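Below is one structure, written out as C-alpha cells; comments come after it.
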2 protein chains.
Amino acid sequence: MEGGQTLLFLTDEQVRKGIEAMFFAYRGFTADPDRILADMAYGRAHHRAIHFIHRSPGTTVNNLLSILGVTKQSLNRVLRTLIAEGLVESRIGRRDKRERHLHLTDEGSSLEQRLSDAQRDRMRAAYRAAGPAAVVGFRQVLEAMMDEDMRRQFDGMRDRGQ
Amino acid sequence: MEGGQTLLFLTDEQVRKGIEAMFFAYRGFTADPDRILADMAYGRAHHRAIHFIHRSPGTTVNNLLSILGVTKQSLNRVLRTLIAEGLVESRIGRRDKRERHLHLTDEGSSLEQRLSDAQRDRMRAAYRAAGPAAVVGFRQVLEAMMDEDMRRQFDGMRDRGQ
DNA sequence: TACAATACGTCAGCCTTGTTGACATTCCAA
DNA sequence: TTGGAATGTCAACAAGGCTGACGTATTGTA
C-alpha cells in the first residue's frame, strides 16, 4: 500500500482531504479536555498553560510566551486566574529576581492529570488503531508542517525529553 | 524504521510528544491563511465557511452547521458578512423555502483559491518532505482521532470526492 | 554611579468567534 | 386549520486573542 510513490499522490484532491482530516481531527483532539474544562471556569488557554508548565516546571513567563505564541497580556490574564485559584505558583527568580518561575501546585498537577489523561487516552487509542508504522508517518508529516521556529522548539523539547 | 512494533511504542512520553506535535503543527497549518485573512476583515471562521461552501456548493445552513460544529447563530454572523460583501450567495430553497442554499460568487471563489493555495502549499511541502508512506500513516492516525460522527462526515465526503 | 535594557504586571479598548435567548417564517401532520 | 417542528435571523454576552501605553523592579553597561 505504501510502496506506491504513485504520481497521483499529490493531487489537489488528496491534499484537500489531508486539510480536512487535519481540521476534523483537531476537533477530536481538543474535545475531551474541553468537556472537562467547560465545567470549571477554565478554557483551552488555561489547559495550554498548565500543560507546558507541567512539561517544563520552573519555566519563566517569557519562555512560556514564546512557546504558546501569544502576547503577554493574553497569557497574563490566564496566569492571573490560575495563580489566584491556587493551581499555579509563581516564584521570584533566585539568580535574576525579575524573572518569575512557574510551577504547578498539587491541585494544579491533579487537574493536569485529569486533562492529559483524557487527551492521552484518545491519542493512544488512535495510535493503537493506526499501528506503529502509521504513527511514525504521522509524526513525520506533523513535524514537516510546523513553522521553522516551532520545529526548533519542538526538537529542543525532544532532546530534553524523558 | 517502522518495522519496530516495539513495546515502548505507547509510553506516556511518546504519546505526549504526539500531543505537542499536533499542537504545533496545527498552528503551522493555519498560519498561512491566517496571514492572508488578517489583511481583510475576515478570520478563520470565514475561511472555514468558504472552504466548505466551495466543497459542497448549494449546501444548506443546517448542513454547514453540523460540519463546522458551531451554533447557527455563530455561523450566521459569519455568513451575513460574507453575503453582505458579495462573497457568498444565499438562495432560498425551491422545494423547501425555509432552507438557504449557499454558493460562492466569483469573488468568493477567488478568495477561496488564494486561501487554499496557501494552505495546500504547506500541506504539499509537508507531504513531500515526509514521503508517501508517512502520508498514509498520517491520514490513518488523524482519522482514528476524530469523533465518531465526524469520521462519518469525513468518510461520506470521501465517497463524494473527485 | 547614572542610564539603558530586560522581565514582568496591568489598564484600557478593540476584534473575532463562540455561547444562549427570543423571534419570524415555513412546512407538515394531526 | 392549527399547533409543533424545522430553518434561519437578530441581540446581547463572554472568552480569549490583539495593540498600545505605562509602572516597577532588577540587571548590565558606559
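Since the model is a prediction, treat every value here as computed from it, not as a measurement. Every chain is numbered from 1 and lettered A, B, ... according to where its sequence line falls, protein lines coming before strand lines.
- Centroid-to-centroid, the aromatic rings of B/Phe52 and A/Phe23 come within less than 6.0 Å.
- Checked against C/dT26, C/dC8, D/dG17, the side chain of A/Arg48 finds its nearest nucleotide in D/dG17.
- Closest to the side chain of A/Thr60, out of C/dC8, C/dT10, D/dT27, is C/dC8.
- Distance CZ (A/Arg94) to C1' (D/dT26): 17 Å, rounded to an integer number of Å.
- Applying the 3.5 Å distance criterion, the base of C/dT6 shares a donor-acceptor pair with the side chain of A/Arg98.
- Candidate nucleotides C/dT26, C/dG9, C/dT19 were compared by shortest atom distance to the side chain of B/Ser74, and C/dT19 ranks first.
- Each of A/Lys72 and A/Ala41 has a nearest nucleotide on DNA chain D; the 5'-most of these lies closest to A/Ala41.
- Between the CG atom of A/Leu65 and the C1' atom of C/dT10 there is a distance of 14 Å, rounded to whole Å.
- Side-chain proximity of A/Asn76 to C/dT10, C/dA7, D/dT27: nearest is C/dT10.
- Of the residues in residues 77-93 of chain B, those placing a heavy atom less than 4.0 Å from an atom of DNA chain C are B/Arg77, in numerical order.
- Between the side chain of B/Gln73 and the base of C/dG21, a donor-acceptor pair under 3.5 Å is found.
- Candidate nucleotides C/dG18, D/dC18, D/dT27 were compared by shortest atom distance to the side chain of A/Val70, and D/dC18 ranks first.
- When all heavy atoms are compared, the tightest approach of B/Leu64 to B/Thr59 is N-OG1, 4.1 Å.
- Of the candidates C/dT26, D/dG17, C/dA22, the closest approach to any side-chain atom of A/Ala45 belongs to D/dG17.
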